[in-house]
Amino acid sequence: MIGLLLLWICTLIVNSLTHPAVIIPQDPTLTIGSSLTASCSVDQDLNLKVEDLSWTFNGRRLPAELYRILNSTSLSVVLNNLNGSKQQSGDNLVCHGKDGRILAGSCLYVGLPPEKPTNITCWSKNMKDLTCKWVPGSEGETFLHTNYTLKYKLRWYGRDNTCLEYHTMGPYSCHIPKDLALFTPYEIWVEASNRLGSTTSDIITLDILDVVTTDPPSDVHVSRVGDLEDQLSVRWSSPPALKDFLFQDKYQIRYRVEDSTEWKVVDDVGNQTSCRLAGLKPGTVYFVQVRCNPFGIYGSKKAGIWSDWSNPTAASTPRSERITGVCDPKSGEQNSTLRRELKQFFGWVKKHAYGCSNLSIKLYDQWRVWLQKSHKTRNQPRKRTQKKRS
């Protein structure tokens, strides 16, 4: 609000029709650390005394020791070692009369030339458009308004084109919505300019096919795997936008428990559209997300760009129904033998079932179901016997 008010004051002064006084220089542009000597010359017909004049800078009165009387109608002021402008609309140097009224003003633009933009990165959504982002030069942008222009052209022929849709993915971004060629590399660069100069980024070269990303996988479903309390099944559909193109895809899954912000990522999903999460906590709500990386489009050898994550989908694992604190002496020897036989197998399966591996998962599932049923069969009669004795 203050910046807008100062800009209004500056504009009002410059466009005033009465011109009771004139400040020289008018609206200068200076580099940080510069010094400025400005003079205020009043109209002789106003019968103003030079001794009654004063200066303010951004609303603060400047001390009289910085003034110098040039003649009966002119007063100068010296500003040393100027800092960068406090607002990009300019700092306000104002000459006042005896009663404090504004006689004239000048806008000072103090800053640095723009630095070269860096780190240009681009991606194409489903090969239909191109969006690019870059990192600006920090100091030049801080004090003076800097204009950025993204330009592009076909590498071996064609004219320069200018991107028109800015700030689509942040303050330093631009979107090219259409009319892009495939199988032909583009040269892309960013030009930066402000009141103190201009500069150009390094040129990057890319092929649209090498920077393709897509929408997140759709129809993500998470469900239980029967009564297995430590597993969930995840299924999803491939992004429909690329169904007519020749490409490969790979997927990642991440999941977390309901009361945690820490995600666990599963990298070994490959190009399948389903996955079994194992090693989970019984009776726990999990949030699951999936993302896609389309690569090898029409033979491209680049790695591809991951899509955004899908919206979280929630599901809970079954609660454990095992009864603790109950002993069955008759089955102890049998259980001990079973544990010995399955210990090595169970550890091996458990290790390889983590994530989305399907290796021996059916055999593992059969064993788990049988084990849970055997627990129920053994414990239920024992529980009834205890009730009768009590």
Side-chain angles (χ1 to χ4, degrees), residues 1-116 136-149 171 191-199:
M1 187 68 183
I2 296 176
L4 291 176
L5 179 59
L6 293 173
L7 177 60
W8 176 80
I9 294 173
C10 188
T11 305
L12 178 65
I13 294 170
V14 171
N15 295 325
S16 174
L17 297 177
T18 57
H19 297 296
V22 175
I23 291 180
I24 300 175
Q26 186 63 224
D27 303 340
T29 300
L30 306 161
T31 57
I32 292 176
S34 299
S35 297
L36 172 71
T37 299
S39 63
C40 176
S41 300
V42 298
D43 190 338
Q44 293 181 349
D45 296 335
L46 296 178
N47 295 321
L48 293 174
K49 295 181 180 180
V50 70
E51 292 83 358
D52 296 332
L53 302 182
S54 62
W55 293 91
T56 60
F57 186 62
N58 285 336
R60 299 183 61 181
R61 188 183 180 98
L62 296 173
E65 53 264 27
L66 299 179
Y67 303 170
R68 180 186 174 191
I69 297 177
L70 301 178
N71 53 49
S72 60
T73 59
S74 298
L75 179 70
S76 69
V77 66
V78 176
L79 301 176
N80 293 312
N81 196 23
L82 289 167
N83 295 319
S85 295
K86 293 185 177 180
Q87 56 272 330
Q88 293 184 348
S89 58
D91 293 327
N92 294 280
L93 180 64
V94 180
C95 177
H96 298 266
K98 181 178 181 180
D99 55 0
R101 73 185 182 100
I102 296 174
L103 300 178
S106 178
C107 295
L108 275 60
Y109 300 93
V110 185
L112 295 170
E115 296 179 355
K116 182 170 69 173
S138 57
E139 294 189 21
E141 176 69 14
T142 302
F143 304 108
L144 299 177
H145 174 70
T146 301
N147 292 310
Y148 293 93
T149 304
E191 297 175 354
S193 62
N194 65 19
R195 289 173 172 267
L196 287 173
S198 61
T199 187

Separation of Ser89 OG from Asn92 CG (nearest 0.5 Å): 7.0 Å

Pairwise side-chain contact, His96 with Leu53, heavy-atom cut-off 4.5 Å (strictly under): no

Heavy-atom closest contact (Gln26 atom, Gly105 atom, distance): OE1-O, 3.0 Å

Minimum-distance pair of heavy atoms, taken over all atoms of Ala38 and Ile23: CB-CG2, 4.4 Å

Donor-acceptor contact present, side-chain Ser76 to main-chain Arg68, <3.5 Å: yes

Residue Gln44 excluded, over 12 heavy atoms near CD under 6.0 Å: no

Rounded distance (nearest 0.5 Å) linking atom SG of Cys40 with atom CG of Leu70: 10.0 Å

Donor-acceptor pair, side chain of Tyr67 and main chain of Trp55, under 3.5 angstrom: yes

Approximate separation, where rounding is to 0.5 Å, of Arg195 CZ and Asn147 CG: 10.5 Å

Trace of the side chain to side chain contact (heavy atoms under 4.5 Å, CB included) decision for Leu196 with Thr31: CA-CA 8 Å; Leu196 287 173; Thr31 57; 3.9 Å; yes

Ser54 vs Arg61 side-chain heavy atoms within contact, under 4.5 Å: yes

Side-chain touch Ser35/Leu79, heavy atoms, less than 4.5 angstrom: no

Expected output: side-chain Asp91 to main-chain Lys86 donor-acceptor under 3.5 Å: yes

Euclidean distance, Cys107 SG relative to Gln87 CD, rounded to 0.5 Å: 9.0 Å

Point-to-point distance, once rounded to the nearest 0.5 Å, from CG of Leu75 to CG of Leu48: 12.0 Å

Pro114 and Thr199, any side-chain heavy atoms less than 4.5 Å apart: yes

Heavy-atom pair of closest approach, residues Pro136 and Tyr148: CB-OH, 3.1 Å

For Pro25, the option from Leu108, Leu36, Leu30 that meets side chain to side chain contact (heavy atoms under 4.5 Å, CB included): Leu36

Side-chain donor or acceptor of Asn194 paired with backbone N/O of Leu144 under 3.5 Å: no

Derivation and outcome, side chain to side chain contact (heavy atoms under 4.5 Å, CB included), residues Ile32 and Val110: CA-CA 6 Å; Ile32 292 176; Val110 185; 4.2 Å; yes

Criterion side chain to side chain contact (heavy atoms under 4.5 Å, CB included) against Leu62, the qualifying member of Leu93, Val78, Val94: Leu93

pair Leu103-Val42: side-chain heavy atoms closer than 4.5 Å: yes

Set of side-chain contact (heavy atoms from CB on, under 4.5 Å) partners for Asp99, sequence neighbours left out: Arg101

Side-chain heavy atoms of Asp27 within contact of Ser106, under 4.5 Å: yes

side-chain contact (heavy atoms from CB on, under 4.5 Å) partners of Ser41, counting only residues at least two apart: Ser74

